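Just below is one structure, and these are the notes that go with it.
A quick note: this is a predicted structure, and the numbers were derived from the prediction, not measured.
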Amino acid sequence: MVEKNILNDLELNHFIKIINELCGMDLNDKKNTLLLKLPNFLEELNFKKMADLLIKMRTNKDIRQKTLNFVTITETYFLRELSQLQEIIYYIKSLEKRVSVLSAPCASGEEVYSLAILATKHFVKDIEILGIDINSNAIEKAKKGIYNERALQKFTPAEKKKFFTEENSSYKINKSKFCPCKFDICNVLDNNFLNSKKFDVILSRNMLIYFDYDSKLKLMENFHRILNDDGRLYIGSADLIPDNIFFEKVFSPGGNYYKKI
């Protein structure tokens, strides 16, 4: 059993620093929560002291991934911020070409599948969507496409019947009903992220709120490099982008977005 008093301020700050370096998250305002949850996490990993985790986070890929899964939040639901999703679909339909969409982070797939379902409802067929997330558990769930009824609360009964199959009180997404959707584990601050193909639309909702200033700027630079010149970046209503040389905000009656500078 790991005792709470083994987590001193120095080790906790070191943990927060490593997480920031790994994925850009700023956990400084989550210290009290971490103090409560880290002992159980250490116990799950069979570590008796915090120093063991701090070392392994840098040297052991499996431990690093489990730690990133521990600190990232993946809870969401279908059709979240629906008006923005609908505006994106209207824009994609207006392009009259094959459109590539990136959802980063995609959590457990709800945003990607929501877009795909809306595209089908609006007869948008020439579209492909890639969802990426740093949380491997979330990506695994996204690939399986099995959700509880609460996640589907914004769908009508007819939509549930068309796009899902009920299985033992859960609902499995019917992937044959919409466009191709792929998922991958990816860190948006890694250089490998820049090897991605280019996209016409990037959705990044409710991730920037967890980033510090420098990580936000780095993310904008990375998005700038993988977005097509005439592409659009959409962020969440709670996200804030600092002034930067990569994007400028466009105020539109149909919904605000960012375009490349």
Side-chain angles (χ1 to χ4, degrees), residues 69 72-186 199-207 209 232-239 252-257:
N69 290 351
T72 47
I73 299 169
T74 61
E75 184 176 349
T76 185
Y77 52 88
F78 284 88
L79 304 180
R80 187 177 184 179
E81 298 184 51
L82 176 59
S83 59
Q84 185 182 45
L85 295 178
Q86 288 175 322
E87 174 58 28
I88 293 169
I89 292 300
Y90 298 152
Y91 168 66
I92 290 172
K93 188 172 184 177
S94 72
L95 295 178
E96 296 183 340
K97 69 170 189 176
R98 186 164 187 79
V99 175
S100 295
V101 180
L102 175 68
S103 169
C106 68
S108 41
E110 290 88 339
E111 181 174 273
V112 169
Y113 291 132
S114 293
L115 270 178
I117 289 171
L118 289 173
T120 297
K121 292 177 64 178
H122 290 276
F123 308 103
V124 179
K125 297 180 179 179
D126 216 6
I127 174 176
E128 56 186 10
I129 309 173
L130 172 64
I132 61 171
D133 202 287
I134 201 170
N135 189 307
S136 61
N137 292 334
I139 289 298
E140 188 62 27
K141 181 177 178 181
K143 289 179 177 177
K144 290 179 179 176
I146 300 174
Y147 302 92
N148 59 37
E149 187 165 13
R150 182 183 175 189
L152 280 61
Q153 58 185 307
K154 289 197 171 184
F155 286 120
T156 66
E159 289 169 335
K160 285 183 185 177
K161 185 176 181 180
K162 179 175 182 180
F163 295 107
F164 297 88
T165 301
E166 187 172 1
E167 296 180 351
N168 301 321
S169 301
S170 294
Y171 292 82
K172 185 172 185 177
I173 195 96
N174 190 346
K175 299 178 183 178
S176 65
K177 295 293 185 180
F178 43 74
C179 65
C181 297
K182 296 181 178 179
F183 298 93
D184 200 4
I185 303 168
C186 185
F199 297 90
D200 301 296
V201 173
I202 296 177
L203 283 82
S204 182
R205 309 195 301 175
N206 306 306
M207 177 167 68
I209 54 176
R232 290 185 178 186
L233 167 65
Y234 291 88
I235 65 172
S237 58
D239 293 314
S252 167
N256 301 331
Y257 61 91

Over all heavy atoms of both residues, which pair between [X] and [Y] is shortest? Give the atoms and the distance, please.
X: Y113; Y: K175; value: OH-CE, 3.3 Å
X: L79; Y: S114; value: N-OG, 2.9 Å
X: S237; Y: E81; value: N-OE1, 3.5 Å
X: I139; Y: G131; value: CD1-O, 4.2 Å

- Flag side-chain contact, heavy atom, 4.5 Å: E111 against R205: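 A side-chain contact exists here, since the closest heavy-atom pair is under 4.5 Å.
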- So, do L118 and I88 sit near enough that their side-chain heavy atoms are less than 4.5 Å apart?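 Answer no - side chains too far apart.
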- T72 and side chain to side chain donor-acceptor pair (under 3.5 Å): which partner among D133, N137, N135?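 Exactly one pass, corresponding to N135.
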- By side-chain contact (heavy atoms from CB on, under 4.5 Å) - contacts of Q153 (at least two apart):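 With neighbours one apart ignored, the set is R150.
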- Message: Using the rule given for side chain to side chain contact (heavy atoms under 4.5 Å, CB included), can you reason through L203 versus L85, listing the C-alpha separation, both sets of side-chain angles and the distance that settles it, and then say yes or no?
- Response: CA-CA 9 Å; L203 283 82; L85 295 178; 3.9 Å; yes
- For atom CD of E96, is the number of surrounding heavy atoms from other residues, nucleotides or ligands below 6.0 Å larger than 12?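 Open.
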- Message: Can you confirm whether more than 12 heavy atoms, excluding those of K154, are under 6.0 Å from its NZ atom?
- Response: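 Yes - once you tally the heavy atoms of other residues, nucleotides and ligands closer than 6.0 Å, there are more than 12.
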- Message: For Y91 and Y257, take the angle between the two ring planes, folded into 0 to 90°, and tell me which bin it lands in: parallel under 30, tilted 30 to 60, perpendicular over 60.
- Response: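 Y91 and Y257: parallel rings.
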- Message: List the residues meeting ring-ring contact (aromatic ring centres under 6.0 Å, His included) with Y77, not counting sequence neighbours, and say none if there are none.
- Response: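 Expected list: none.
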- Identified side-chain contact (heavy atoms from CB on, under 4.5 Å) partner of C179 from the options V101, V99, I127: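 Only match with C179 under side-chain contact (heavy atoms from CB on, under 4.5 Å): I127.
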- Message: Show me the pairs that pass ring-ring contact (aromatic ring centres under 6.0 Å, His included) and involve residues 118-140, at least two apart or across chains.
- Response: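 Found Y90-H122.
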- Message: Assess whether a salt bridge exists between E166 and K160, defined as any Lys/Arg side-chain N lying under 4.0 Å from an Asp/Glu carboxylate O.
- Response: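 K160 and E166: not salt-bridged.
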- Message: Quick one about S176 and N174 (side-chain donor to acceptor, distance below 3.5 Å, no hydrogens or angles considered), yes or no?
- Response: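 Short answer, yes.
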- Do F155 and F78 have ring centroids that are under 6.0 Å from one another?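 Ring-ring flag for F78/F155: true, centres closer than 6.0 Å.
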